[in-house]
Amino acid sequence: MLLSREKLHGNYDHIIGESTVHLKVLKRIDTFAKSDKIVLISGETGTGKELVAHALHAESPYAMHPIGIVNCAGIAENLIESELFGHEKGAFTGADNQHIGLFETASGSTLFLDEIGELPIRLQPKLLRVLQENEIRRMGGTKQIPVKVRVLAATNIDLIEAVAAGKFRRDLYERLKSLHIELPALRERREDIPLLAKHFLKKETNASNQKVADINPEVLSLFDAYDWPGNIRELEGVIGRAVLLAEEGEILPHHLPQDLRTPQVDPLPSADATAPANPNATEYSVLPFPMGTTLQEIEKSAILMTLARENGNKAKTATVLGISRTTLHTKLRTYRSET
């Protein structure tokens with residue numbers, strides 16, 4: 001079945017991308033949003049898990065209430081139980097007042113548990129009970145308090161491996177996994193990089209009033225060859241840095257961090273005007289390589305220059321060069337490792 005944004009019920013214009021793998025994620029968000037069941041969102045750091053959580057909430061029956069958010073890795077272990085479930089006055093040293101936890105304050109809405117894999121294992125049974133019974137008991141309290149919360153959980157670690165290592169309870173994992181959205185790494189959706197880059201360019205220029213209007217095609221080819229270990233968040237940071245350095249005009253390769261650059265290729269000159277015309281050729285170019293240049297170096301220059309001329313479009317580049325896209329991607333990864 002052909003995927004398209006027009007077939008989605010919700011509005012996901014703020015989640016940028018048109019690749020097939022990205023549209024599959026949007027379709028899953030659209031399918032799960034109207035449910036009140038738990039959704040597990042997994043993916044590498046920087047792939048946009050919180051953005052997906054907000055989209056699920058915005059298209060849910062709870063959208064009229066604010067979403068509650070807690071980063072399970074960002075709160076000290078001795079405080080997170082109180083943060084989630086609350087405590088009564090005198091429950092522990094320093095508990096001078098009653099504290100209402102996030103499960104209570106988010107009742108009737110959505111609670112997003114980010115980095116769920118970092119939740120201390122001693123608290124996992126208590127979370128499991130809340131998910132099963134829809135009630136909590138504050139620290140130091142004696143009564144069960146009913147709560148109605150739609151839970152979204154996110155992780156950048158493999159929970160199956162965490163279960164095998166004894167760091168995550170299998171019964172909790174089984175409870176979480178029934179509705180699962182797995183976000184692809186940016187290197188798995190390279191077709192979306194130009195769209196994302198231009199989105200972040202517009203966002204950065206609007207925020208900074210810089211007059212940077214465009215991204216040079218050679219920059220897009222460098223983006224396409226890079227593995228993006230920090231994913232979308234890293235791309236946004238690279239664009240933000242480049243906008244500050246460029247100040248006006250366009251983003252050029254020398255505005256990028258060193259680890260994104262590859263050796264620059266000089267533009268291919270047009271044929272000499274005095275050369276005899278070839279009526280069967282629409283364009284005639286030569287590669288000015290000095291004596292001693294290896295075939296590998298010539299190939300590398302031709303590939304990078306073609307990528308730049310095709311505005312970073314890998315499919316068109318592969319067609320022009322007469323090679324498969326897999327071969328092209330393999331060669332680009334090799335060039336990246338050489339720098």
Side-chain angles (χ1 to χ4, degrees), residues 5 8-16 25-43 47-76 79-89 91 95 97-119 123-124 126-141 143-156 172 175-183 203 232-233:
R5 286 179 177 265
L8 302 175
H9 297 97
N11 181 0
Y12 309 105
D13 290 346
H14 60 296
I15 307 181
I16 308 300
V25 168
L26 294 185
K27 174 62 177 174
R28 187 151 287 195
I29 293 171
D30 206 47
T31 301
F32 293 168
K34 300 304 180 185
S35 171
D36 61 357
K37 296 184 181 299
I38 303 162
V39 179
L40 177 64
I41 309 163
S42 65
T47 49
K49 295 184 290 297
E50 185 168 339
L51 193 64
V52 170
H54 279 283
L56 285 165
H57 173 69
E59 298 297 330
S60 77
Y62 308 107
M64 70 288 297
H65 303 295
I67 184 174
I69 300 175
V70 59
N71 186 332
C72 298
I75 302 175
L79 297 177
I80 192 167
E81 182 174 5
S82 172
E83 187 71 14
L84 289 174
F85 309 114
H87 65 253
E88 299 292 356
K89 181 178 179 180
N97 298 290
Q98 183 189 72
H99 173 69
I100 305 300
L102 285 169
F103 269 97
E104 280 187 81
T105 58
S107 190
S109 187
T110 304
L111 180 59
F112 175 46
L113 303 178
D114 199 8
E115 304 301 348
I116 189 69
E118 303 297 331
L119 185 70
L123 293 182
Q124 292 177 23
K126 192 165 185 176
L127 174 59
L128 179 62
R129 178 175 175 80
V130 176
L131 299 180
Q132 291 175 334
E133 307 298 333
N134 295 315
E135 58 184 22
I136 62 103
R137 187 174 68 199
R138 300 180 193 133
M139 294 176 64
K143 65 177 183 177
Q144 299 296 128
I145 302 170
V147 292
K148 181 175 176 57
V149 177
R150 202 276 178 90
V151 171
L152 308 175
T155 181
N156 65 357
L172 179 56
R175 185 74 182 181
L176 293 172
K177 74 171 187 177
S178 59
L179 298 184
H180 183 198
I181 298 175
E182 186 172 3
L183 302 186
K203 178 180 175 182
I232 300 171
R233 187 180 298 141

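Because only heavy atoms are used, hydrogens play no part in the values below, and waters and symmetry mates are left out as well, while side chains stay in.
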Here the gap from Q144 atom CD to R137 atom CZ, rounded to the nearest 0.5 Å, amounts to 5.5 Å

### Message
Any non-hydrogen side-chain atom of H54 less than 4.5 Å from a side-chain atom of I15?
### Response
no

Worksheet item: Is the backbone of R150 close enough, under 3.5 Å, to the side chain of D36 for a donor and an acceptor to pair up by distance?
Response: no

So NE2 of H57 and OG1 of T110: to nearest 0.5 Å the spacing works out to 4.5 Å

Q124 side chain vs L119 backbone, donor-acceptor pair below 3.5 Å | yes

Rounded to the nearest 0.5 angstrom, the OG-CD1 distance for S107 and I100 is 11.5 Å

Value for CD1 (I116) from CG (N156), rounded to nearest 0.5 Å, stands at 12.5 Å

Should E59 and I29 count as side-chain neighbours, where that means a heavy-atom distance under 4.5 Å? no

Minimal heavy-atom distance between F103 and V149, with the atoms involved, is O-CG2, 3.3 Å

| Short side-chain donor-acceptor distance under 3.5 Å, H65 and S109 | no

- Ignoring hydrogens and angles, tell me if any N or O in the side chain of K49 forms a donor-acceptor pair with the backbone of G43 under 3.5 Å. yes

inquiry  = Between H99 (side chain only) and K89 (backbone N and O only), is there a donor and an acceptor less than 3.5 Å apart?
reply    = no

dist E50:CD -> I67:CD1 (nearest 0.5 Å) comes out at 7.5 Å

So CG of L131 and NZ of K126: to nearest 0.5 Å the spacing works out to 13.0 Å

